[in-house]
Amino acid sequence: MLRASFACHIPLFSPARFAAVCLAISFLVSGCSSLSEQELKARLNTPIPQQDVQVLEQDGVQVSLSVLADDGAADFFGVSLAEFGIQLIWMKIENNSDTDFWLLPFAIDPDYFSADEVALVAGNDFSREQRAALRQLLRKHTMPFFLPAHATQSGYVYASYKRGGRLVDVRLSGYLKAVRLRFSVLLPTESFDYEKSDLRKLYAQVEQLPDLSVAELREELRKLPCCTSNADGEGSGDPLNIVLIGDGRLLIAALTTSSWNFTEAITVESIRKMIGAAIKELAFPTAPVSALYAFERKQDIALQRGRSTISQRNHMRLWLAPFRCEGVPVWIGQISRDIGVKVTAKSPTLTTHVIDPLVDEAREYLFHSLLHYDAVSQFAFVQGVGEASEAVPRYNLTGDPYFTDGMRMVLWLSREPVPPHMAIDLGWNESADPSREGRGEQYLVPVLSAPDARD
């Protein structure tokens, strides 16, 4: 986006303009050539493409939604919108109620684009006539904001680009009435590490796994190993301190919407980029994560929330558990906050992050990020790694110390929006306030539940 808008204000033969021309040429070579003015105008009456449509209904309002694949958007509009950070969300809203509604696109994406903005950014290398035709086509297919009673509207929201998945929050506001529906959408790529693992094969068999009640789940979680290990199953690494309960689509969408990024597979190129980012103190929000092991395999999914430099990030690893809870997949994980980088021969990338020793703070960070997006229906804490104090810490596989209240956090994910104050605490255990732990105070947050519910 920045590249294209900046190019509008620079001389014809500047280096940036030359780069933009090269980009346009690359589109032509790859087959994503721009459509002619006549072809663009002909698309005005062409049915809007859609794929993998999901349908939800509430109070007489039915919403159909899909996220258009990158190649589908390029074919229809004649330009690769993904290259400019734009992703198309198609919607059809059938308002069968007696209430007029307004769609709130800000809830879908506060950084969404207008039709004219898309035309300016993505059509920068078009002729004047082509850009005008593209603008007309984009305007034609923009999703209307006003939704009269007993009427149907359809079109696109031109959203900012996301990889991995997104939780699309559709909110409608009418007189003394509101509708809110959320869609979990998977957005496959070819470079994330989880897409190169055995996760797809494992997940295909998830319905064959033992199905536990909530009480049985609690007992099973107590029996899990305390920590991750190395490839040989030896050593105690970072603690297995989180449990997420939700199907794969919901898990990926909720975490992506909460600004967690999936990680690149470890390749020569990704390692090169990571080392370069570390040397230059730059951000690399999808940087590879080294392998840790549980259930006799490395993590199925790794995610991170990066900061302005690669040395600082929150990151977690998740494994599909060998059991379900009330028919829903269970994910066991490890989370910690990275606060620095050090050189080590124990990692294939020759570097590793130094973790914040207060690992419970990272656990709370995940909890809060999901609560903020209304994605947690209920939660609990169960005995995990066991307590370790700052005076007598535990150590991970690369020698970093950490201390903890020893609890394992359990979160039930919800597709339906649940305000944070409505998330139910099952009251299994009390957890420590991380800020007080950091001050050396063994303070436990009181739980408003029956004492016999705790371990």
Task: Reported CG-to-SG distance for the pair Leu240 and Cys227, which is rounded to 0.5 angstrom - done: 6.5 Å
Task: Any side-chain donor near an acceptor of the partner, Gln62 and Ser64, under 3.5 Å - done: no
Open item on the list: Quick check: do Leu318 and Ile332 have side-chain heavy atoms less than 4.5 Å from each other?
Closed with: no
Task: Heavy-atom check, side chain of Leu104 versus side chain of Phe145, under 4.5 Å - done: no
Open item on the list: Quick test of your reading of the model: are Arg43 and Glu39 salt-bridged, counting only N-O distances below 4.0 Å?
Closed with: no
- [ ] Report the distance from atom CG of Leu413 to atom CD1 of Ile245, rounding to the nearest 0.5 Å.
- [x] 8.5 Å
- [ ] Begin from the C-alpha positions of Lys92 and Val55 and carry the test side chain to side chain contact (heavy atoms under 4.5 Å, CB included) through to its verdict.
- [x] CA-CA 9 Å; Lys92 181 173 75 171; Val55 181; over 6 Å; no
- [ ] Please report the shortest heavy-atom distance between Leu134 and Phe77, naming the atom on each side.
- [x] CD1-O, 3.7 Å
Task: side chain to side chain contact (heavy atoms under 4.5 Å, CB included) between Val67 and Leu88, intermediate numbers included - done: CA-CA 6 Å; Val67 176; Leu88 273 59; over 6 Å; no
Task: Polar side-chain atom of Asn241 near backbone of Arg408 as donor-acceptor pair, under 3.5 Å - done: no
- [ ] Starting at CG of Asp116, measure out to CG of Leu138 and round the result to the nearest 0.5 Å.
- [x] 8.5 Å
TODO: Nearest 0.5 Å please: distance from the CG atom of Leu366 over to the CZ atom of Arg337.
DONE: 11.5 Å
Open item on the list: Quick check: do Ile86 and Tyr161 have side-chain heavy atoms less than 4.5 Å from each other?
Closed with: no
TODO: Measure the CZ-CD distance between Arg297 and Gln299 for me, rounded to the nearest 0.5 Å.
DONE: 10.5 Å
Open item on the list: Ignoring hydrogens, what is the shortest heavy-atom contact between Ser184 and Arg249? Give both atom names and the distance.
Closed with: O-CD, 2.8 Å
Open item on the list: Ring-plane angle category for Phe379 and Phe381, please: parallel below 30°, perpendicular beyond 60°, tilted otherwise.
Closed with: perpendicular
Task: Backbone N/O of Gly123 and side chain of Arg131: donor-acceptor pair under 3.5 Å - done: yes
Task: Heavy-atom closest contact (Phe113 atom, Ser160 atom, distance) - done: CE1-CA, 3.9 Å
TODO: Start with the C-alpha distance between Leu292 and Gln334, add both sets of side-chain angles, then the distance that settles side chain to side chain contact (heavy atoms under 4.5 Å, CB included), and finish with yes or no.
DONE: CA-CA 9 Å; Leu292 289 178; Gln334 167 274 325; 4.3 Å; yes
TODO: Quick one: closest heavy-atom pair of Ser36 and Gln130, and the distance?
DONE: CA-NE2, 3.9 Å
Open item on the list: Distance check, rounded to the nearest 0.5 Å: Ser66 atom OG versus Asp52 atom CG?
Closed with: 7.5 Å
- [ ] For residues Leu251 and Ile301, determine if any side-chain heavy atom of one lies less than 4.5 Å from a side-chain heavy atom of the other.
- [x] yes
Open item on the list: Evaluate Asp109 against Tyr158 for side chain to side chain donor-acceptor pair (under 3.5 Å), listing each step before the verdict.
Closed with: CA-CA 9 Å; Asp109 180 6; Tyr158 304 114; over 6 Å; no
Open item on the list: Could you check whether any side-chain heavy atom of Leu103 comes within less than 4.5 Å of a side-chain heavy atom of Leu147, counting everything from C-beta outward?
Closed with: yes
Task: Non-hydrogen side-chain atoms of Leu137 and Arg139 separated by less than 4.5 Å - done: no
Open item on the list: Once side chain to side chain donor-acceptor pair (under 3.5 Å) is applied, do any residues pair with Asp360, and if so which ones, sequence neighbours excluded?
Closed with: Thr404
TODO: Could you check whether the rings of Tyr203 and Trp331 sit parallel, tilted or perpendicular, using 30° and 60° as the cut-offs?
DONE: parallel
- [ ] Indicate yes or no: at least one non-hydrogen side-chain atom of Pro239 is less than 4.5 angstrom from one of Tyr402.
- [x] yes
- [ ] Check the side chains of Trp90 and Ser154 for a donor-acceptor pair under 3.5 angstrom, ignoring hydrogens and angles.
- [x] no
Open item on the list: Any carboxylate oxygen within less than 4.0 angstrom of a Lys/Arg side-chain nitrogen, looking at Arg180 and Asp374?
Closed with: yes
Task: Donor-acceptor pair, side chain of Glu361 and main chain of Leu358, under 3.5 angstrom - done: no
Task: Residues Glu416, Arg182: salt bridge by 4.0 Å N-O rule - done: no
Open item on the list: Any non-hydrogen side-chain atom of Glu326 less than 4.5 Å from a side-chain atom of Val214?
Closed with: yes
- [ ] May I ask you to check whether over 12 heavy atoms, not counting those of Tyr175, lie within 6.0 Å of atom OH?
- [x] no
TODO: Among Leu167, Ile108, Val63, find the residue that satisfies the side chain to side chain contact (heavy atoms under 4.5 Å, CB included) test when tested with Phe183.
DONE: Val63
- [ ] Please report the closest heavy-atom contact between Val418 and Ser377, naming both atoms and the distance.
- [x] CG2-CA, 4.2 Å
- [ ] Keeping the roles fixed (side chain from Glu129, backbone from Glu37), state whether a donor-acceptor pair exists under 3.5 Å.
- [x] no
TODO: Heavy atoms only: give me the nearest Phe146-Trp102 pair and the separation to one decimal.
DONE: CD1-CE2, 3.6 Å
Task: Side-chain H-bond candidate by donor/acceptor type, Ser97 with Asn95, under 3.5 Å - done: yes
Open item on the list: Pair Tyr365, Ile335 - check side chain to side chain contact (heavy atoms under 4.5 Å, CB included), show working.
Closed with: CA-CA 9 Å; Tyr365 186 87; Ile335 188 167; 5.8 Å; no
TODO: May I ask you to say whether Lys177 pairs ionically with Asp59, meaning some side-chain N is under 4.0 Å from a carboxylate O?
DONE: no
Task: Side-chain donor or acceptor of Thr228 paired with backbone N/O of Asp238 under 3.5 Å - done: yes
Open item on the list: Checking side-chain polar atoms at under 3.5 Å, does Asp169 have a donor or acceptor matched by the opposite partner on Tyr373?
Closed with: no
TODO: Quick one: list whatever passes side chain to side chain donor-acceptor pair (under 3.5 Å) with Asp100, sequence neighbours left out.
DONE: none
- [ ] For atom CD of Glu207, decide whether the heavy atoms of other residues, nucleotides or ligands shown that lie under 6.0 angstrom number more than 12.
- [x] no
